[in-house]
Amino acid sequence: EDGAPQDQQCSRLRRFTVTKDRDSHGSPEFINGVKMIWKGKFTLGTAETDINSIASPSVFLRYMQDAANRQMASYGPSYEDLLENGMSFLISRVTLNIPSVLYAHDEFECSSHATPSKGASFERYCRISKNGETVAESAAVWALVDVKSGSILRVRDACSDYGAEPYPND
């Protein structure tokens with residue numbers, strides 16, 4: 001089956017073209033010629049903080065989800081491509097670790113990458129760092145579902161591992 005033509009492997013998805021670096025905030029990072037991690041630089045806005053100018057956990061999750069969506073769009077299929085083809089990711093569990101804080105107007109980097117999927121499980125890791133130090137990190141497990149029937153699909157039905165690589169130790 002791995003040697004099947006692309007259109008047979010992607011029977012649930014129409015063919016689409018993926019372009020590298022489709023947005024202005026960041027781009028995939030290549031390590032030894034392999035796309036691994038989408039990284040982008042951001043500045044925390046005042047409206048994203050509390051009365052003490054500190055970012056809340058929900059703000060971290062929002063940036064992490066944005067990085068995940070941009071990583072999906074960089075590798076394809078994008079979230080929109082999945083929806084157009086009747087599929088969506090449904091979160092199963094997430095862990096968020098916040099060892100530090102971000103303040104209003106702090107500049108930071110947010111990265112996201114996936115690991116190789118196993119059946120119905122799709123794992124994604126995200127990290128927010130400031131000056132090279134980890135501010136927050138998350139690990140999430142998702143399932144790919146058919147939005148009409150609600151049935152769980154094998155992740156490879158999406159025809160992409162989204163540049164999946166084992167989580168790098170840094």
Could you work out, with side-chain contact (heavy atoms from CB on, under 4.5 Å) as the rule, every residue matching [X], not counting sequence neighbours?
| X | answer |
| --- | --- |
| L83 | Y79, S88 |
| T95 | none |
| Q65 | A68, N69, W142 |
| N52 | D50, I54 |

Closest approach of [X] to [Y] (non-hydrogen atoms, all atoms of both residues):
| X | Y | result |
| --- | --- | --- |
| A114 | F122 | CB-CZ, 3.5 Å |
| S149 | D146 | N-OD1, 3.0 Å |
| E48 | V59 | O-CG2, 3.2 Å |

I need the [X] [atom1] to [Y] [atom2] distance, nearest 0.5 Å.
| X | Y | atom1 | atom2 | answer |
| --- | --- | --- | --- | --- |
| S78 | R70 | OG | CZ | 13.0 Å |
| Q71 | R124 | CD | CZ | 4.5 Å |
| Y63 | F42 | OH | CZ | 7.0 Å |

Under the side-chain contact (heavy atoms from CB on, under 4.5 Å) test against M87, which residue among V147, L144, V145 passes?
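Only match with M87 under side-chain contact (heavy atoms from CB on, under 4.5 Å): L144.
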Can you sort out the partners of E123 under salt bridge (charged side-chain N to carboxylate O under 4.0 Å, His left out), two or more places apart, ordered by chain and number?
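Counting only residues at least two positions away or on another chain, E123 forms a salt bridge (charged side-chain N to carboxylate O under 4.0 Å, His left out) with K118.
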Hey, is D66 close enough to R62 for a salt bridge, meaning N to O under 4.0 Å?
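Salt bridge between D66 and R62, a charged N being under 4.0 Å from a carboxylate O: no.
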With a 3.5 Å cut-off and sequence neighbours excluded, list the donor-acceptor pairs that the side chains of residues 99-110 form with protein atoms.
residue, atom, partner, partner atom, Å
H105, NE2, T46, OG1, 3.1
D106, OD2, Y103, N, 2.7
D106, OD2, K130, NZ, 3.1

Under a plain distance cut-off of 3.5 Å, with no hydrogens placed, do T134 and R127 share a side-chain donor-acceptor pair?
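Side chains of R127 and T134: pair found under 3.5 Å.
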Give a yes or no on whether V141 and M64 share a hydrophobic cluster (residues Ile, Leu, Val, Met, Phe, Trp, Tyr; joining criterion: side-chain heavy atoms under 4.5 Å apart).
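Each belongs to a different hydrophobic cluster.
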Close side-chain approach of Y125 and T115, heavy atoms under 4.5 Å
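Answer yes - side chains close enough.
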